[in-house]
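To start, the structure itself, in structure tokens.
Every heavy atom of this structure was used, including side-chain atoms; hydrogens, water molecules and symmetry mates were not.
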Amino acid sequence: MYNDFYNQNPITPSIGNVDETWLIISAVLALIGGAVAYILFVSNKDTKEYSGFVSWLHRFLNFKVFFIEMILKVLYMVSAIFITLGSFSLIRVSIASFFLSLILGNIVVRISYEFVLMFLTLVSNTTEINKKIGLPKKENEKPSPKVKRLEEIDGEKK
């Protein structure tokens with residue numbers, strides 16, 4: 001059989017054109033790479049030996065650095081500009097729809113992003129409070145002396 005170029009969809013190729021061998025190799029390499037990255041950067045507790053890019057990579061892979069706040073701020077600005085400029089297309093429809101879209105659209109977008117950023121701030125503040133009072137991160141870790149003192153004070157009050 002010959003290759004009929006005109007009957008193929010170039011945007012969505014047929015499933016037969018997918019190279020299954022490369023997908024399997026990619027999955028195996030991803031598993032190996034993930035295991036090596038975990039062993040080298042995530043599971044290592046002694047972070048003082050890292051410096052420069054490796055230190056940044058360690059913090060990045062351990063989710064000590066969050067980019068979501070910066071991304072949300074940029075997305076908010078893009079959304080607000082889009083709504084503002086897009087509302088001008090409604091002038092042909094009616095002045096009322098233009099003003100509603102301009103004012104209410106920006107208010108709704110601002111409130112939506114504020115709720116998400118408030119949640120992120122809440123998580124950040126809770127993490128910071130936990131670090132300051134010395135709560136253990138995992139069940140197998142021992143609490144710091146500060147926590148023991150607080151527990152003793154609660155025991156004395158009862």
Side-chain angles (χ1 to χ4, degrees), residues 11-13 15 18-90 96-158:
I11 297 173
T12 56
I15 242 0
V18 175
D19 188 7
E20 295 86 10
T21 307
W22 179 246
L23 288 177
I24 293 170
I25 292 171
S26 299
V28 170
L29 289 175
L31 287 172
I32 293 170
V36 168
Y38 181 81
I39 291 168
L40 290 178
F41 298 108
V42 178
S43 67
N44 191 359
K45 301 293 182 197
D46 189 20
T47 61
K48 294 177 184 173
E49 66 187 45
Y50 297 139
S51 64
F53 175 74
V54 178
S55 174
W56 178 87
L57 186 63
H58 181 268
R59 288 181 294 140
F60 177 77
L61 293 175
N62 280 299
F63 291 95
K64 304 287 183 194
V65 177
F66 292 115
F67 295 108
I68 189 76
E69 188 173 341
M70 178 186 60
I71 292 170
L72 283 173
K73 289 177 182 179
V74 170
L75 284 176
Y76 165 71
M77 289 183 257
V78 169
S79 301
I81 292 170
F82 176 75
I83 287 174
T84 302
L85 294 176
S87 66
F88 284 99
S89 69
L90 296 175
S97 63
F98 162 71
F99 281 116
L100 281 173
S101 172
L102 181 68
I103 295 169
L104 290 179
N106 280 310
I107 289 173
V108 167
V109 166
R110 177 66 186 210
I111 290 172
S112 302
Y113 279 95
E114 280 187 17
F115 274 124
V116 174
L117 285 173
M118 281 179 14
F119 175 74
L120 292 174
T121 303
L122 177 68
V123 169
S124 174
N125 289 344
T126 305
T127 304
E128 188 176 324
I129 290 170
N130 285 344
K131 285 180 185 176
K132 285 184 179 180
I133 65 172
L135 286 177
K137 293 179 185 175
K138 298 177 184 172
E139 292 178 12
N140 58 358
E141 290 182 19
K142 295 179 182 177
S144 68
K146 292 179 185 177
V147 175
K148 289 181 182 177
R149 280 190 232 127
L150 289 174
E151 291 170 353
E152 290 171 5
I153 291 172
D154 287 340
E156 292 173 4
K157 287 182 181 179
K158 291 179 183 177

inquiry  = Quick one, Leu61 with Tyr38, criterion side-chain contact (heavy atoms from CB on, under 4.5 Å). Give me CA distance, side-chain angles, the key distance, then yes/no.
reply    = CA-CA 8 Å; Leu61 293 175; Tyr38 181 81; over 6 Å; no
Pair Ile83-Leu102, side-chain contact (heavy atoms from CB on, under 4.5 Å): steps then yes or no = CA-CA 7 Å; Ile83 287 174; Leu102 181 68; over 6 Å; no
ask   = Heavy-atom count around Phe115 CZ within 6.0 Å, excluding the residue itself: above 12?
value = no
ask   = When rounded to the nearest 0.5 angstrom, what is the spacing between CZ in Phe119 and OG in Ser124?
value = 11.5 Å
note = Output for pair (Ser112 OG, Leu72 CG), nearest 0.5 Å, gives 11.0 Å
task = Report the distance from atom NZ of Lys132 to atom CG of Asn125, rounding to the nearest 0.5 Å.
result = 9.0 Å
message = To the nearest 0.5 Å, what is the distance between CE on Met70 and CG on Leu75?
response = 10.5 Å
remark   = Looking only at heavy atoms, the pair that brings Ser87 and Phe98 closest together is O-CD1, 3.0 Å
Interatomic distance, Met118 atom CE to Ile111 atom CD1 [nearest 0.5 angstrom] = 10.5 Å
message = Can you tell me how the ring of Phe60 sits relative to the ring of Phe67, calling it parallel under 30°, perpendicular over 60° and tilted otherwise?
response = tilted
ask   = Ser101 side chain to Ser97 main-chain N or O, any donor-acceptor pair under 3.5 Å?
value = no
Side-chain heavy atoms of Leu90 within contact of Phe99, under 4.5 Å = no
inquiry  = Run the side chain to side chain contact (heavy atoms under 4.5 Å, CB included) test against Thr127 and tell me which residues pass, sequence neighbours left out.
reply    = Val123, Lys131
ask   = When you look at Leu117 and Leu120, which way does the side-chain contact (heavy atoms from CB on, under 4.5 Å) test go after all the steps?
value = CA-CA 5 Å; Leu117 285 173; Leu120 292 174; 4.1 Å; yes
